[in-house]
Amino acid sequence: MDLLLDFVIVGVSIGIVYGLVALGISLIFSGLDIVHFAHGELYMIGSFLGIAVISFTGVPYFWALIGAMIITGVLGVVVERVFYRRLTRGGGGYTVAGMGMIICGFGMSVALQNVAYLLWGAAPHPYPVSFGMPIFLGNIALPKSYLYILICALVLMTVLHTFLTRTKLGLAVRAVAYNKDTSYLMGVNVPVMISLIFGVACAMAAAAGVLIGPINYVQIEMGYLMLLKAFAAAVVGGFGSLPGALLGGILVGLFETLCAGYLIASYKDIYAFLLLIVVLMVRPTGLLGILVKVKA
Amino acid sequence: MNRYPPKKTGNGVRNALLAFTAASLVAGASAASAGVIKVGVSLRMKTETGEKYGQMVADEFEAINAAGGVNGNTIEVKLLNDECKSDIGVANATKYAYQDNVHLFIGSSCSSVSLPIVDVLHKAGVPMLIPHSTNYKITLKGSPWVFRVPISSRFSAAAAAKYTAENIGTKIAYIWASDAASQADAQKFYEYIETYHGELPVYAEQFQEGELDLRAHLLKIKSLKPEALMISAQSQDFARGLVQSYEVGIPPSVKRIGGSAASNRPAPILSGDAIKGVFFHAAFSFADPDPKVQEFVKMTAERYGVANPDHDFSQAWDSVHVARVAFERADLALTDDSLAADRAAIRDALGTVTGYVTLGGGVVDFCADATPECRDGNKTPVLIEYTKGGEDYELRVIGKTTFDADFGLAGMEEEAMKLRESLDN
Amino acid sequence: MAERAAGQAASLRFVDSVERSLARLREIHPLMPWVIAALVLAPLPWLLGNTYHVYLANFICIMILLSVGLNIVKGFCGQVTVGHVGLYAIGAYTAAVMSVNFGTPFWISLPIAVGVTLLAGMVVGTPSFRLEGAYLALVTLGLGESVRLFISATEYLGATNGFSGVPAPRIGEFRFDTYQKYYYLVMPVMLLGVFFSFQILRSRLGRAFMAVREDPVAAAASGVNVRRHKMIAFMISAAYAGFAGALYAHMIPGYLNPRNFTVIEMVTLLLMVVLGGLGHIWGGIIGAIIVTIVYDITKDYYHYSLLMFGMVIVLTVLFMPKGIGGIIDRFIATRRFIAIREREAARARAGGAASGAGERGSGDAA
Amino acid sequence: MLSIRGVATGYGKVQILRGIDMSVSEGQIVALLGGNGTGKSTLLKAISGLLPVWDGAIEFEGEPIQNRRPNEIVKRGLTQVTQGKDMYPAMSVEENLRIGAYTRRDRAGVTADIGKVFDYFPVLGERRRQLAATLSGGEVQMLVIGRGLMARPKLIMLDEPSSALAPRIVLDIFSIVNRISRNEGITILLVEQNVRMALLLAEYGYVIRDGVIHIEGDSRDLITDDNVRLAYLGGTVTDAGADAGTGLAH
């Protein structure tokens, strides 16, 4: 019983991290109609930027989180403006709209990884912050870093949710996510909104990167596996649904931990993909994806 | 820093004499006798220190050239990156063998890359000096062209296993990362315990490289209450596993053991205090008070900015100097037509290198037979314990063991035969 | 101006003469151009400077098989799949397991490998019934990665130690155990693959694929069984991967490692197909050749290789979405259009007010 | 108020409009008629800035607005009401209306205007908290018209408000549109396939065909014109103007 409870804690805590990255992926998907295959790299770069902020300014961890989010957000806007904008505006044709975007994402992913390599090298970097030993509840260990992640993730979720539902700008973002032409006719400056969405999504990825930094040393290859898990999370929760992304992350984390715990542990990573594939085949809209557009 | 042992074997003397006569004969015939010995290096360069190993190899050969070369010949080094991917490694080896016409191949870092390269170079007839790969299968293949400077996993893991079984216990749990070296480390470890102490592993599972969360494994291990836990993985995965083993609450009384990659620089830096008390096996420790080691450490700090070099550093250095010994003893014509003969000469000369004392204190003894006994040069693993983690980590040497050349080969005849068969295919 | 026109006319004459001679060859026998191609390519191992170049030629042949296969499902049929490397791995490992663990000769393990990959292609193709675009990309990526992870965690397949000792193919006592000999195995298979790819493109099947690509709904309305054709496209493409995998497994040194089937390889493959031009068979071939050679030449700049790959992919998608193949197509089409226009103008000047109705090829320019 | 001179545009390289001339005076209701694929919606997109104008000029209140961004044009008081299917299904009725007032800064005015829309369309008021996805076809049409009003436009362009609706509901909607036009003093450009209905409501009408204005005139005259019926039915018109665009309008 203790073991099961342990597994649940582990699954939920890693799941929240998946959920945070999935949040950005979901946001980009609903806003720009693209599945961003380079998002894992922005998560990685965000994590590195967190270290850079700490080492340059010496600010505490929390401010490094905010700083990395802002810088990565701006970086995301630049990437979107310079590269993706042409594809989304170009529209039409199978090469450009659907496949072009996906292929472009892959290209961007390896290119960004190489840029990070040139900037920070291949060595894994430890995060200059320590949370100390976990809290022990009887026999069960609860790492503080995961508590921190949980709190931050919930706060970010709430802020994002409030922004989207309670503010005029948030309303415009949702409008753009649903229909760009119509929103343009409402007087919404759609190009700016698209950049905003992309920037916010990248900032979320950076947040995940900085939050996971202390438990996962930062290195240039860290993005890929995380991206796949986050995709699984986004799909399970329903692409385009923000609460779904977090829920999906937790489900993926739980599922893979429990499978690894009670089935063959060596195949741990495959379980997440199996979940992804099964959910996509059986219920492509995911668990919370009620009003999600099923298109590329 | 010239400290290879004196040439002891008659073979070496004869070769040297032959080389001398040949050299003087050629010198008499034409003034421009100096040839170029080409060395091809293929390593995993896109890592923190990978490039520095390669650079050091090139620099060391350059230093030899600057000091007058080898028997009047200069050495030309080419470096290629293989990314620890076998297809790139094979391409590099093929390029060296057929396009660049190298006389000696040095590589690779990763066992999974060295394994297929053995076949390629066997076919091409190029001597191969391995600086880092430890997987026991590499020499088990029985190619006459293969020589290994580092310690085969059949020795090193056994040394750690022997120490563990005698001092800690035999109820051991294992997790290892999905790379060939880590896997071999863990596998040889529990095979030793099984063979000599009759105890099966409490837990033995593999995880993916770069895996974020090892706690699913560790929780299961925690519930099995082992006496020791071996985490065999590349440094960052090892560090993560180590920290998480404390996070899930495996008590400190359970001894943590690392694989050979635990010696790599990032491991103690990343895992901080968690690494204290962890021991692992390696070929070298920078904490060795031996002046020769301290001189080497000073050199790497000055030239490459690495104040605490790991054993991959020392082995790359050793490989260069083993190669030099061979070059000195080989009878080389170094003309366009003599490529095959020169390669064979270098191979034979490598086979005569004995008594070369490595920086780690082990002795490299090669012999002419194409057997693991002959080609696994160094048989002396060092057991090292971390006494302090972090940037300025500290180590202490627990001890060294030298194994018999045929240790660990019992029961491997069938595997060896299969490997040898595939070599000829 | 006159010079340019002359140049254009000359290039057009060249293209026309090539096409005419190809057509003449095809009249003798449909396979004739390919036999000639084989004859032209046959002395390559002697012409190339050294064995390493022959090795590269072999490797290029395998890559061409892969990229031409990927082009069928991606370029012809418009299905986004990024799990192709997984199929390649399945082909390679099946052939390897068959010949090492069951001792079957290459000639039996090859069809078995292709068969198994075909089945795997069916598995990868099934999601395409329900999903499209990015969703499909996700599933195929997941499947491809699962294959790699499964291999690297399965002891029977050598796990991360790799699977070694795959024997070279043999006919009687003759063994394809050098790169030179192997070339004569890989090159014909590659040519056959390209030939079939052209046949498919020209056949009803190819047209149905393109109908599915352009507009699945319209295709279904005009009587194309969309599901079946998607499935067929995936299976054909998988078969190509199976051939490529089996040939790769049996090539010296007969060693497989899951590290060689990662997403980086997938990106390289994507680069080949995209750079060459999606939907252009020649594109896939040109892409495979260019990428392999450029990669070899730039080996020393490994620090920047991924940046280069990535940026070439991104820039190709942005600025020449149809790739090199598209540029060549447009080049020929424009030349032909200009020629026709000039001919018509000349005819108009001559007073012959012919309607130009029977003029072939005028549609190419559109 | 709105004058269009020689506007030509199209999608990609395919030209749709081949020189449109028309004008809308203040306070008028003007109908733009034409069959499917004649270029009506293309013209609207060109006016509201969604499509680049290749040639010609569009002036609104004397200022050129061609090739301006749609959001700037909306700010000038020119709003397009798209077809009913373009509402935001995942937002509530009230949120849909609020997004219509995105360009406005006066909160109180917006709230008041929401009330006004509910006055015109009481059924929307009953459903203000519901998701737009749950509305019926007629209600959605009302919603998008109401959303268009929220920007306090000077000129509103209605894109086929009658499409796919029952005649009774169309009549309802048209009468409300008429009322709005009178009460609020909003100029209306009505784009319709339903020729009879549109001409009953409008004062002046244009018939577009193959990318040019084919016929124009007072609605009373047009309603009896045989050519209008032919154009609306999409039949062959033995007219020199029709020849030019054959084959390009689809």
Side-chain angles (χ1 to χ4, degrees), chain A residues 26-27 29-31 33 85 88-97 161-196 238-244 285-286 288-295, chain D residues 11-14 41 44-45 47-52 68-92 94-107 110 131-134 143-144 147-153 156-159:
Chain A
S26 237
L27 199 60
F29 180 76
S30 54
D33 289 345
R85 180 57 57 86
T88 41
R89 192 175 45 196
Y94 74 99
T95 26
V96 175
H161 193 258
T162 318
F163 166 69
L164 287 179
T165 51
R166 295 272 177 268
T167 66
K168 196 166 131 185
L169 207 58
L171 197 64
V173 166
R174 278 159 68 209
V176 170
Y178 193 74
N179 189 328
K180 284 168 199 60
D181 276 1
T182 308
S183 307
Y184 233 149
L185 294 176
M186 298 296 118
V188 178
N189 194 340
V190 174
V192 171
M193 287 300 145
I194 288 179
S195 292
L196 178 73
F239 241 122
S241 154
L242 299 185
T285 53
L288 292 190
I290 304 152
L291 281 167
V292 171
K293 305 158 284 177
V294 182
K295 64 176 185 181
Chain D
Y11 301 96
K13 285 180 179 168
V14 185
S41 301
L44 283 197
K45 282 185 183 167
I47 297 172
S48 53
L50 287 177
L51 263 186
R68 290 300 182 98
R69 287 185 166 196
N71 51 324
E72 289 175 20
I73 293 172
V74 172
K75 271 187 195 150
R76 288 164 188 262
L78 177 61
T79 298
Q80 182 189 341
V81 170
T82 52
Q83 295 183 2
K85 60 182 193 311
D86 288 336
M87 51 43 169
Y88 300 108
M91 291 186 194
S92 72
E94 195 179 327
E95 281 177 326
N96 262 285
L97 293 177
R98 279 192 185 276
I99 191 79
Y102 182 76
T103 48
R104 291 170 57 183
R105 298 257 170 260
D106 53 329
R107 278 173 184 235
V110 170
L131 287 189
T134 61
L143 176 63
V144 292
R147 194 178 61 187
L149 290 176
M150 288 304 295
R152 281 216 181 144
I156 193 164
M157 301 188 286
L158 296 178
D159 193 0

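So that the names make sense, note that chain A is the first sequence line, chain B the second, and so on, each numbered from 1.
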### Task
Kindly determine whether D/R147 and A/T182 satisfy side chain to side chain contact (heavy atoms under 4.5 Å, CB included), including the steps that lead there.
CA-CA 11 Å; D/R147 194 178 61 187; A/T182 308; 3.3 Å; yes
### Query
How about residues 161-170 of chain A versus chain D: which residues have heavy atoms under 4.5 Å apart?
A/T165, A/K168, A/L169
### Task
For D/R98, enumerate each residue passing the salt bridge (charged side-chain N to carboxylate O under 4.0 Å, His left out) test, keeping only those at least two apart in sequence or located in another chain.
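Salt bridge (charged side-chain N to carboxylate O under 4.0 Å, His left out) list for D/R98, sorted by chain: D/E94.
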### Message
Need one label for D/L50: side chain, backbone, both or neither, based on atoms under 4.5 Å from any heavy atom in chain A.
### Response
side chain
### Task
Would you mind checking which part of D/R76 comes under 4.5 Å of any heavy atom in chain A, side chain (CB onward), backbone (N, CA, C, O), both or neither?
neither
### Query
Taking atom CG of A/D181 and atom OG1 of D/T82, what is their separation to the nearest 0.5 Å?
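Reported to 0.5 Å precision, the distance equals 9.5 Å.
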#### Entry: Gap separating the OG1 atom of D/T79 from the CE atom of A/M186, nearest 0.5 angstrom
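Atom-to-atom, D/T79:OG1 and A/M186:CE are 7.5 Å apart.
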### Message
Using a 4.5 angstrom heavy-atom cutoff, name the option from D/E72, D/M150, D/K75, D/R69 with the most pairs to chain A.
### Response
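Ranked by contacts with chain A, first place is D/R69.
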### Task
Please name the pair of heavy atoms, one in D/V74 and one in A/Y184, separated by the smallest distance, quoted to 0.1 Å.
CG2-O, 4.0 Å
#### Entry: Short side-chain donor-acceptor distance under 3.5 Å, D/Y102 and A/S183
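A/S183 vs D/Y102: no donor-acceptor pair found between side chains.
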### Side-chain touch A/R174/D/I99, heavy atoms, less than 4.5 angstrom
no
